[in-house]
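First the proteins, then the strands, lettered A, B, ... as listed; each starts at 1. All of these numbers come straight from a predicted model, not from anything done at the bench.
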Amino acid sequence: MKFQRIKGTRDIYGKEYEILMEFYQRAKKTMDKFGYSFIITPTFEDVNLFIHSTGETTDIVEKEMYVFEDKGGRKVALRPEGTPSVLRAILENDIEIPCKVAYFANMFRHEKPQKGRFREFYQLGVEYIGYIDPLVDFEMFLIIRELMDIFEVKNYYFEVNSMGCIDDRKRYKEELKNYLSEKLEVLCNDCKRRFQRNPLRILDCKIDAEKIKDFPRITEFLCDGCAEHFEKLKMYLNKNNIKFSINPKLVRGIDYYTKTVFEVKSGRLGAQDALGGGGRYDGLMKIIGGPDTPACGFAMGMERIMLASEYKLPYEKDLIFIVYTSPELKEKAYNLYLFLTKETLKCDIVLDTKSLKSQMRRANKKGAKYVVILGEEEEKMGGYKIKDMEKGEEKFIKKENLPDYFKNI
RNA sequence: GUGGGCGUAGCUCAACUGGCAGAGCGCCAGACUGUGGCUCUGGUGGUUGGGGGUUCAAGUCCCCUCGCCCACCCCA
């Protein structure tokens, strides 16, 4: 019986694993600098958490969630995004607000896989909870700029829009519906369906883009407070030389956003060009039963980051390979291997009895810098032969001098 | 969920209108009597994704199914 992984999932190993972990380390360091603390929340939650926060009419909840019933009859969902869980955790653990939280975790969405899109994927998420100040929104851009830097992503760009507050959006929705009702007949079937359920989504439609060119801009329907918030953000961005363009069609697929929304995009990705996205969600905390608390955040897709990144793993040749000339010496060789690992040196050894030649071949293939040779002759002389694989030189060394020999490689 | 492309050795791919499943790389070994890379020589390697059908004969044609890639939808 042979098995294969579930569609849209991946095995991450070898170089890709090393890169992902390196990126995690770097992100951790950056988030530490900005004063964020990391959090791990459960992989699955009560399905209602997402229904109420992400939004009942969103594609994510409507058709992309992995939902199942556990043995206790609870309806459970694999998390499709991180923000609801983080807010839930803050409330449940009475974490003091304001707070700054980050996470690095796998997310699950039942979509058809394509370039840069998987059913299980990794996100780096950042949430800043507690302030209405547009400086918070601005900080998201600052952090992303720094992350793009350390992930070595070069050609990225920001798109920004404002969704206004709940009231603004209500008024805008009416206005948009008015405008669209005259065009409804010429729109595609998807858009006709969206008209009732979620008219904002029609702005996203590529088929009908031409037909609705002169749609009303939401930024013209913002209340004074939201307009000022947006102006301040733009000012901060300009002052700090963060380039962005305003995309009045950017509405995002999650219901809870208010005021600022944004995406980071890359030209290197194909159709799924968003490296990350986020925005302000001032109403969400209240929706899930907490105090009325403003917040802002974003998430980035690590697989997409890796696609867009120019980062190359450093070429570290520091492996020490142990070889032995006869089966009788195997256990001695293995003890040497154990000894060296205690010295925290990177080493390896083959256990199936093979010719010295074959062991040397293996050492070379694994990229060994040094080979320690255990042989009968060397045994008699109380030491080992060490071969420098780059120079091809060999040197005899006494057993007691071995640790020192590798001290400064 | 909808469309298009594709599944042949570990990898990259050949195999005309149906006619004995192949190459390169890799892997293993020898040339080199305790020593890697380079070179040469030999060897290993397959239920042609799976199932069914048509045929004397199917990698090739037909149907079903699974998977991968790309796009739509939507998003990270």
* Asked: Are any of the side-chain nitrogens in A:Lys369 or A:Glu390 under 4.0 Å away from the carboxylate oxygens of its partner?
  -> yes

* Asked: Can A:Thr54 and A:Glu81 be counted as having a side-chain donor-acceptor contact under 3.5 angstrom?
  -> yes

* Asked: Has A:Lys391 got a side-chain N or O lying under 4.0 Å from the OP1 or OP2 atom of B:G36?
  -> no

* Give a yes/no on whether any side-chain N or O of A:Lys357 is located under 4.0 angstrom from OP1 or OP2 of B:U33. => no

* To do: Verify whether one side chain among A:Tyr370 and A:Asp318 offers a donor that lies under 3.5 Å from an acceptor in the other.
  => no

* Asked: What integer distance in Å separates A:Asp255:CG from B:C74:P?
  -> 14 Å

* For the rings on A:Phe141 and A:Phe262, is their centre-to-centre separation under 6.0 Å? -> yes

* Asked: With a 4.0 Å cut-off on heavy atoms, is A:Tyr122 in touch with a base, just the backbone sugar-phosphate, or nothing at all?
  -> nothing

* Asked: At under 4.0 Å between heavy atoms, what does A:Gly82 touch on the DNA or RNA strands: base, sugar-phosphate, or nothing?
  -> nothing

* Taking only N and O in the side chain of A:Ser358, is any of them less than 4.0 Å away from OP1 or OP2 of B:C28? -> no

* Residue pair A:Gln114 / A:Arg117, side-chain donor-acceptor N/O under 3.5 Å -> yes

* Asked: Toward the 5' end of RNA chain B, which comes first, A:Asp388 or A:Pro113, by nearest nucleotide?
  -> A:Asp388

* Could you give the CZ-to-C1' distance, from A:Phe158 to B:A76, as a whole number of Å? -> 15 Å

* To do: Can you tell me which stems involve RNA chain B, if a stem is defined as three or more consecutive Watson-Crick or G-U wobble pairs, both distances under 3.5 Å?
  => B:1-7 with B:66-72, B:10-13 with B:22-25, B:27-31 with B:39-43, B:49-53 with B:61-65

* To do: Could you tell me the separation between the CD atom of A:Glu263 and the P atom of B:C74, rounded to a whole number of Å?
  => 12 Å

* Checking all strands, does A:Ile373 fall into the base, sugar-phosphate, or nothing category for heavy-atom contacts under 4.0 angstrom? -> base

* For A:Lys115 and B:A76, what is the distance between atoms NZ and C1' respectively, to the nearest whole Å? -> 15 Å

* To do: Kindly point out which of B:C74, B:C32, B:A76 is positioned nearest to the side chain of A:Ala299?
  => B:A76

* Under 4.0 angstrom, heavy atoms only, what part of the nucleic acid is A:Glu394 near: base, sugar-phosphate, or nothing? -> base

* Structure fact -> By nearest-nucleotide position on RNA chain B, the 5'-leaning member of A:Gln114 and A:Arg117 is A:Gln114

* To do: Mind checking side-chain hydrogen bond (donor to acceptor under 3.5 Å, both in side chains) for A:Tyr128 and listing every partner two or more places apart, or none if nothing turns up?
  => none

* Have a look at A:Gln272 and say if it touches a base, only the backbone sugar-phosphate, or nothing, with a 4.0 Å heavy-atom cut-off. => base

* When you measure from the side chain of A:Lys7, which nucleotide among B:G67, B:C69, B:C28 comes out closest? -> B:G67

* Asked: A:Glu378 near the nucleic acid: base, sugar-phosphate alone, or nothing, with a heavy-atom cut-off under 4.0 Å?
  -> base

* To do: Please measure how far the C1' atom in B:G10 lies from the corresponding atom in B:G26, and state the result in whole Å.
  => 7 Å

* Interatomic distance where CZ belongs to A:Arg109 and C1' belongs to B:A76 [whole Å] -> 6 Å

* Asked: Can we call the ring centroids of A:Phe121 and A:Phe118 under 6.0 Å apart?
  -> no

* Does a sphere of radius 6.0 Å around CG in A:Leu351 hold more than 12 heavy atoms from other residues, nucleotides or ligands, not counting ones at 6.0 Å or beyond? -> yes

* When all nucleic acid strands are considered with a 4.0 Å heavy-atom cut-off, which category describes A:Gly375: base, sugar-phosphate, or nothing? -> base

* To do: Specify the separation, in whole Å, of atom NZ of A:Lys63 and atom P of B:C74.
  => 8 Å

* Structure fact -> Rounded to whole Å, the CG-C1' distance (A:Asp59 to B:A76) equals 14 Å

* Base, sugar-phosphate, or nothing: which does A:Lys365 touch, judged by heavy atoms less than 4.0 Å apart? -> sugar-phosphate

* Give a yes or no on whether the ring-centroid distance for A:Tyr281 and A:Tyr256 is below 6.0 angstrom. => yes

* With sugar-phosphate meaning primed atoms plus P, OP1 and OP2, does A:Gln359 contact a base, only sugar-phosphate, or nothing at under 4.0 Å between heavy atoms? -> nothing

* Counting only side-chain N and O atoms of A:Arg252, is one of them less than 4.0 Å from OP1 or OP2 of B:C74? -> no

* Asked: In whole angstrom, what separates A:Arg304's CZ from B:A76's P?
  -> 8 Å

